[in-house]
Amino acid sequence: MCSYLTVATDVAGSAKGAQGWFSVTSAQVYFDHPFHAPFDHTLNIDFADPAKGPAARVAVELSAESARRLVESINEALAAAGAAAR
Amino acid sequence: MPVVPLAGTSRAAVSWRRDIKKEDNVAAPEEALSARNVMLAGNDGAQINAYQALPAGDGPFPGVLVIHHLPGWDSGTKEITRRFAARGYNAICPNLYARQGLDVDPDDAAAATREAGGIPDEQFVADAGVAVDALRALPTANGKVGVIGYCSGGRHAFLTAVSLPVDAAVDCYGAFVTGTVPEGFPLKVRPLVDRAPQLRCPLLGLFGNDDQFPSPEQVDELEQALKEAGKTYEFHRYDGAGHAFFAVERPSYRPEAAVDGWQHIFDWYGKYLMGG
């Protein structure tokens, strides 16, 4: 089957998609078959604003290893920013 | 530095033109086809876009309903649709996620549908029925229609075969025909094995032994149910192959299993759809 658990979280920010910049309100995170990336499974993140319709989405499909590195990078960058990132 | 034509280029061009001229004179439309997008009218009033590929020639041709997988109405599935047309079948692949918007990219529509928990079985059966009717209404139709689906479409192929008047079905590694849907699973699906007695046509099943959805045990369960119901079926299971072994653009592609599987598919459809 093509699907595993989806972890959804609210987010506040913006993303740039096919129609330019837009505000995003949610991130869907799931490990599944990718649409485009050349791997059996990828960690997929859809940054979206569901209220604006299916096209209001910025999608990434990352190998499991690179997704873990991304998590570390995000944490590292936030930690380095110190109080400003709290 | 000036670009210098390679020696012999002009001769090659002449030879190429001669080949084209020769092709024009070939009478048999070997693997020739035409493909386009068509619009189907859903029973609920929804517009459903569909990719249709038709063989060249007057027919009569059998029809094949191609059901896409969970990643949506993608290029890989449309390529499969063309493959059937190249082999002499009128083929159609409806966009099962068309209700997300006809102008929405297939990958965006798939993501939105996934978030919504998939599509209801009743809606799928209605849309599949419209597509089957469209195939039978084609002027080149021979009246017989087969169905094939991959991945989540494999389950849908089985659902079609227990719900609609089709003449042959192919389930390529469809999950949750049998087995138990895990707790917290994002798709609202239920197993269909209790409907095995309602199977209306012969069923070909193609599965990878390394697959977990469906696992070999779940394939066993389906085979047992078909046996008990006295249905015509044929299963082929491949060692060294997992889920999506037909998908040429993915690392899961297993050429030996896929080549053998395609042979079985065309044998199956040749037996049950040709003529009539």
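So you know, we letter chains A, B, ... as the sequences are listed, proteins then strands, and number each from 1.
Interface remark: B:Glu115 contributes side-chain atoms only to the contact with chain A (heavy atom separation under 4.5 Å). Contacts of A:Ala55 with chain B are made by both backbone and side-chain atoms, with heavy-atom separations under 4.5 Å.
If you tally non-hydrogen atom pairs under 4.5 Å between each of A:Ala18, A:Pro34, A:Ala56, A:Gly53 and chain B, the highest count goes to A:Pro34.
Minimum interatomic distance between A:Asp46 and B:Ala111 (heavy atoms only, all atoms of both residues): OD2-CB, 3.4 Å. Of all non-hydrogen atoms in B:Val104 and A:Pro54, the two that sit nearest each other are CG1-CB, 3.7 Å.
Under a 4.0 Å N-O distance rule, the pair A:Arg57/B:Asp107 qualifies as a salt bridge.
Note: A:Gln28 CD to B:Arg114 CZ = 8.5 Å, rounded to the nearest 0.5 Å.
In this structure, the ring of B:His243 has its center less than 6.0 angstrom from the ring center of A:His33.
By the ring pair (Phe, Tyr, Trp, His ring centres under 6.0 Å) test, B:Tyr233 pairs with B:Phe235, sequence neighbours left out.
By the 6.0 Å contact criterion, CD on B:Glu256 is open, its count of non-hydrogen atoms from other residues, nucleotides or ligands being 12 or less. Heavy atoms of other residues, nucleotides or ligands lying less than 6.0 angstrom from NE2 of A:His36 number 12 at most.
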